[in-house]
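In what follows, a single structure is set out as structure tokens and then discussed.
Since the model is a prediction, treat every value here as computed from it, not as a measurement. Throughout, a chain's letter reflects where its sequence line sits, starting with A, and its residues are numbered from 1.
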Number of protein chains: 2
Amino acid sequence: MRYHRIPDETIKRLPIYLRRVIHLSELGVKCVSSTELASPLGVTPWQIRKDLSYFGGFGTRGVGYNVENLVSRIRKILKLNVVRKAALVGVGNLGSAILSFPGFRQYWLEIAAVFDIDKRKVGKERNGLVVEDITLLGTLKERRIDMGIIAVPGNAAQNVADDLIKSGVMGILNFAPRYIEVPKNVKVITIDIALYLACLPYYVPPK
Amino acid sequence: MRYHRIPDETIKRLPIYLRRVIHLSELGVKCVSSTELASPLGVTPWQIRKDLSYFGGFGTRGVGYNVENLVSRIRKILKLNVVRKAALVGVGNLGSAILSFPGFRQYWLEIAAVFDIDKRKVGKERNGLVVEDITLLGTLKERRIDMGIIAVPGNAAQNVADDLIKSGVMGILNFAPRYIEVPKNVKVITIDIALYLACLPYYVPPK
DNA sequence: TGGTGTGAACGGCTTCACAGCT
DNA sequence: AGCTGTGAAGCCGTTCACACCA
């Protein structure tokens with residue numbers, strides 16, 4: 001199993017497991033079985049075992065998984081074992097919300113710079129960071145920031161993405177409601193919020 | 001093909017197509033081929049044709065799809081052909097951002113009520129809506145609001161979901177970083193933002 | 001006995017090739 | 001000739017059953 005291609009779906013689930021084992025670790029739990037791990041997450045035990053087995057199983061048969069070990073192994077797999085820095089572009093309503101988001105810290109993710117095109121916002125402080133002019137995106141490389149978060153209007157998204165990539169960014173989290181074209185060595189994950197809400201009525205027939 | 005089970009993935013893509021054809025319709029475009037429709041969306045033409053064929057093809061061979069027809073057919077499939085109302089629970093940073101989100105309107109989605117537990121926010125106006133006390137969730141049924149958006153801290157999410165369901169809500173968009181347990185006739189879509197950013201480093205090896 | 005690790009079966013979605021209509 | 005509609009093939013991911021080990 002060790003030399004298999006790893007499903008993207010597995011990668012998506014790893015942060016869920018990681019969050020849970022970090023929590024268990026903080027509670028002082030030493031050992032956990034796949035069943036105990038799975039049930040509060042809405043995942044099946046065999047799914048977890050399969051996911052972990054792609055990276056070479058690291059549980060103990062008859063016992064379960066060592067919690068501390070799981071934390072560090074999953075961190076390493078996801079490359080979250082060092083602080084990872086991202087730049088946020090766009091400090092509108094959504095950008096501000098993301099900036100004040102507490103959920104990144106546990107993953108050692110840090111928003112290390114904020115940019116906006118609006119001169120009235122530039123220079124102002126937000127969550128301990130000074131908003132920079134968007135023309136300064138080129139400084140990201142020397143600051144070793146290699147991920148970008150796009151929270152600008154749809155029509156600006158592709159330009160921002162291009163600029164981010166020019167500055168050495170290799171991974172983009174895109175909240176703009178657009179498909180973004182990038183070289184294939186760059187990874188884009190798009191979260192198009194309206195799309196999710198628009199699916200819901202299909203499953204909820206109106207009365 | 002008409003009596004097939006429809007893939008969830010197809011449903012997820014329909015709002016993307018819908019947004020595009022609404023836009024084309026506004027531009028006055030009358031007819032579009034699957035190739036023209038696909039390319040700006042990062043989707044393949046045969047994917048679009050397959051998706052649409054699940055509902056009984058409604059294009060014209062040798063020509064393409066009538067734009068107006070596509071708009072109304074997709075609206076009908078997604079049950080977005082009447083205004084659909086949702087209640088937002090939690091007016092923190094993220095809740096406020098969602099409330100001021102312009103992207104829902106084109107789908108005829110309306111946030112028709114806002115709730116919070118914080119007495120200091122209750123009674124204040126936000127985006128044309130007065131924030132209501134969360135104990136008033138029970139009034140949703142008589143107001144014919146059948147979808148809920150959860151933007152509260154993780155530890156409150158399950159309770160809010162339970163209350164929403166008690167009030168007749170059948171579909172939930174959940175932004176809280178939790179798995180939410182619901183009866184199986186209720187649909188939950190969870191958008192756990194931190195999870196997406198946490199995946200990114202895997203694809204972006206640190207230098 | 002109890003819980004992990006994994007090949008194999010299964011199912012669902014995507015891709016393809018081409019038939020069918022205009 | 002051109003573009004849609006669709007069975008079939010192929011691929012990917014999940015589920016299962018059971019071998020394996022503490």
Side-chain angles (χ1 to χ4, degrees), chain A residues 1-17 20-21 24 29-71 73-74 77 179 195 199 202-203, chain B residues 1-17 20-21 24 29-39 41-71 73-74 77 179 199 202-203:
Chain A
M1 259 293 152
R2 198 174 287 245
Y3 295 106
H4 254 260
R5 209 193 76 82
I6 287 130
D8 274 350
E9 300 301 312
T10 292
I11 301 301
K12 283 191 203 164
R13 281 186 295 266
L14 289 181
I16 310 180
Y17 306 157
R20 177 95 186 122
V21 287
L24 290 174
V29 175
K30 297 288 176 223
C31 186
V32 68
S33 73
S34 57
T35 309
E36 292 163 334
L37 193 52
S39 63
L41 301 180
V43 175
T44 60
W46 47 85
Q47 180 75 79
I48 289 190
R49 293 206 301 274
K50 174 63 95 181
D51 284 340
L52 296 178
S53 80
Y54 286 121
F55 305 96
F58 23 89
T60 310
R61 295 181 194 223
V63 180
Y65 299 90
N66 177 289
V67 171
E68 290 305 329
N69 186 32
L70 261 194
V71 171
R73 294 297 287 271
I74 299 178
I77 294 164
Y179 167 68
L195 254 37
C199 288
Y202 174 81
Y203 302 97
Chain B
M1 258 295 148
R2 198 174 288 245
Y3 296 107
H4 254 259
R5 212 193 74 82
I6 287 129
D8 274 350
E9 300 301 312
T10 292
I11 300 302
K12 283 191 203 164
R13 281 186 295 267
L14 288 181
I16 310 180
Y17 307 156
R20 177 96 187 122
V21 287
L24 290 174
V29 176
K30 296 287 175 225
C31 185
V32 68
S33 73
S34 58
T35 308
E36 292 163 334
L37 193 52
S39 63
L41 301 179
V43 175
T44 60
W46 46 86
Q47 181 75 78
I48 290 190
R49 293 205 301 274
K50 174 64 93 179
D51 284 342
L52 296 178
S53 80
Y54 285 121
F55 306 95
F58 24 89
T60 310
R61 296 181 193 222
V63 180
Y65 298 90
N66 177 287
V67 171
E68 290 305 328
N69 186 32
L70 261 194
V71 171
R73 293 296 287 273
I74 299 178
I77 294 165
Y179 168 68
C199 287
Y202 174 82
Y203 302 96

query = Is the closest side-chain heavy-atom distance between B/Thr10 and B/Phe55 below 4.5 Å?
reply = yes
message = Please identify which of these residues, B/Arg49, B/Gln47, B/Lys50, meets the side chain to side chain donor-acceptor pair (under 3.5 Å) condition with B/Ser34.
response = B/Arg49
remark   = Per side-chain contact (heavy atoms from CB on, under 4.5 Å), B/Val21 is matched among B/Ile16, B/Leu37, B/Val29 by B/Leu37
task = Starting from P on D/dC12, measure out to NZ on A/Lys12 and report it in whole angstrom.
result = 15 Å
query = Tell me: OH of A/Tyr65 to C1' of D/dA22, nearest whole Å?
reply = 14 Å
inquiry  = Could you tell me how far apart A/Glu36 (CD) and C/dG2 (P) are, to the nearest whole angstrom?
reply    = 14 Å
request  = Please report, rounded to the nearest Å, how far the P atom of D/dT14 is from the CG atom of A/Leu52.
outcome  = 13 Å
query = Does the side chain of B/Leu24 come within less than 4.5 Å of B/Tyr65's, by heavy atoms?
reply = no
note = Tightest non-hydrogen contact, residues A/Leu14 and A/Ile74, listed as O-CG2, 3.8 Å
task = Check every strand shown and say whether A/Ser34 touches a base, only sugar-phosphate, or nothing at a heavy-atom separation below 4.0 Å.
result = sugar-phosphate
query = Could you write nucleotides 12-22 of chain C as a row of B, S and -, 5' to 3', where a protein heavy atom under 4.0 Å of any base atom gives B, of only sugar-phosphate atoms gives S, and otherwise -?
reply = -SBBS--BBBS
ask   = Residues two or more places apart in sequence or in another chain: which of them pass salt bridge (charged side-chain N to carboxylate O under 4.0 Å, His left out) with B/Glu36?
value = none
